[in-house]
Amino acid sequence: MTIKRVNPPSLSPPTGFSHVVHGNGQVVFLAGQTAQDATGAIVGETVVDQFERALANLVEAITGAGASVDHLAKLVVYCTDVEGYLNSLKDLGRIWQRLVGREYPAMTFVGVQRLFDPAALIELDGFVIRP
């Protein structure tokens, strides 16, 4: 199975995301992951800290589904601190590259007033295309 990333030249150049991701295989939907530890407590005080934990949790869910981060086709980022996120893009990019690599899924960023757990600053969900 091959995941293909397409970035039409008629669209703005993507930075940290792909415009289109497609492939063949089984679509696996991932539940939203926050910075919860194994006990369910939110860990981390900053967007960067919570992003790292939420992304690690998402990677764990992907692996548990029998897929790999290379199969991540779509990611949605929900964040209660938009300015904190935007001011941390370089740090977030380094975390992404360390945990996921240099390939990017189709992505959507949504600023929200709050998440289910009021201590959560960020939540990540999406889907993979598993071979």
Side-chain angles (χ1 to χ4, degrees):
M1 184 209 59
T2 303
I3 298 271
K4 294 184 181 181
R5 290 164 175 80
V6 180
N7 294 299
S10 59
L11 296 176
S12 65
T15 302
F17 70 96
S18 296
H19 282 291
V20 179
V21 178
H22 64 91
N24 58 355
Q26 183 180 33
V27 176
V28 178
F29 294 90
L30 305 166
Q33 298 295 318
T34 60
Q36 288 182 316
D37 65 12
T39 69
I42 297 291
V43 296
E45 299 296 320
T46 68
V47 168
V48 172
D49 294 339
Q50 289 197 18
F51 179 84
E52 183 169 15
R53 182 57 186 244
L55 186 58
N57 290 346
L58 191 76
V59 169
E60 183 70 22
I62 291 168
T63 304
S68 76
V69 294
D70 295 335
H71 302 132
L72 185 60
K74 173 73 175 173
L75 180 73
V76 181
V77 178
Y78 303 94
C79 185
T80 63
D81 182 5
V82 173
E83 289 304 314
Y85 187 93
L86 294 174
N87 291 332
S88 303
L89 289 176
K90 287 186 181 187
D91 291 331
L92 299 174
R94 283 191 282 274
I95 292 166
W96 179 270
Q97 288 178 10
R98 182 168 41 82
L99 295 178
V100 179
R102 295 199 173 268
E103 296 291 345
Y104 295 99
M107 294 179 70
T108 301
F109 178 87
V110 182
V112 297
Q113 185 174 352
R114 69 159 281 187
L115 295 163
F116 184 80
D117 186 323
L121 301 174
I122 201 153
E123 186 167 338
L124 308 174
D125 81 12
F127 66 85
V128 297
I129 303 174
R130 185 176 67 186

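- More than 12 heavy atoms of other residues, nucleotides or ligands sit less than 6.0 Å from atom CD of Gln97.
- Listed here is the closest heavy atom pair of Ser18 and Tyr104: OG-O, 2.7 Å.
- Heavy atoms only, all atoms of each residue included: Leu72 and Lys74 are closest at CD1-O, 3.6 Å.
- A pairwise comparison of heavy atoms in Asn57 and Gln33 identifies CB-OE1, 3.6 Å as the closest pair.
- For Phe109 and Phe17, the ring centers are positioned 6.0 Å apart or more.
- Residues Val47 and Val76 are members of separate hydrophobic clusters, defined by side-chain heavy-atom contacts under 4.5 angstrom among Ile, Leu, Val, Met, Phe, Trp and Tyr.
- With values rounded to the nearest 0.5 angstrom, Leu55 atom CG is found 12.0 Å from Glu60 atom CD.
- Counting all heavy atoms, side chain and backbone alike, Leu58 lies closest to Asp125 at CD1-CA, 4.5 Å.
- Side-chain contact check for Thr46 and Asp49: at least one donor-acceptor pair (N or O, by modelled atom type) lies under 3.5 Å.
- Hydrophobic clustering keeps Val21 apart from Val28 (ILVMFWY residues linked when any side-chain heavy atoms are closer than 4.5 Å, directly or through intermediates).
- One hydrophobic cluster, built from ILVMFWY side chains closer than 4.5 Å, cannot hold both Val69 and Val27; they sit in different ones.
- Side chain of Gln50 to main chain of Ala119: a donor-acceptor pair is present (N/O by atom type, distance under 3.5 Å, no hydrogens or angles).
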Worked verdict on Thr34 versus Asp117 for side-chain contact (heavy atoms from CB on, under 4.5 Å): CA-CA 9 Å; Thr34 60; Asp117 186 323; 5.8 Å; no

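- Side-chain contact between Val100 and Val59: present, with at least one pair of heavy atoms (C-beta onward) separated by less than 4.5 Å.
- Closest approach of Glu45 to Leu121, counting heavy atoms only: O-CD1, 3.6 Å.
- Looking at every heavy atom in both residues, His71 comes nearest to Ile3 through O-CD1, 4.0 Å.
- The CD atom of Gln36 sits 8.5 Å away from atom CD of Glu123, with the distance rounded to the nearest 0.5 Å.
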Stepwise side-chain contact (heavy atoms from CB on, under 4.5 Å) check, Lys4 with Val20: CA-CA 8 Å; Lys4 294 184 181 181; Val20 179; over 6 Å; no

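- At a threshold of 4.5 Å between side-chain heavy atoms, the hydrophobic network of Ile, Leu, Val, Met, Phe, Trp and Tyr places Leu124 and Ile42 in two separate groups.
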Chi angles and distances behind the side-chain contact (heavy atoms from CB on, under 4.5 Å) call for Val48, Leu92: CA-CA 6 Å; Val48 172; Leu92 299 174; 4.2 Å; yes

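- Clustering ILVMFWY residues whenever any of their side-chain heavy atoms sit less than 4.5 angstrom apart, transitively, puts Tyr78 in a cluster other than the one holding Leu75.
- Note that CZ of Phe51 is 14.0 Å distant from CG of Asp81, once rounded to the nearest 0.5 Å.
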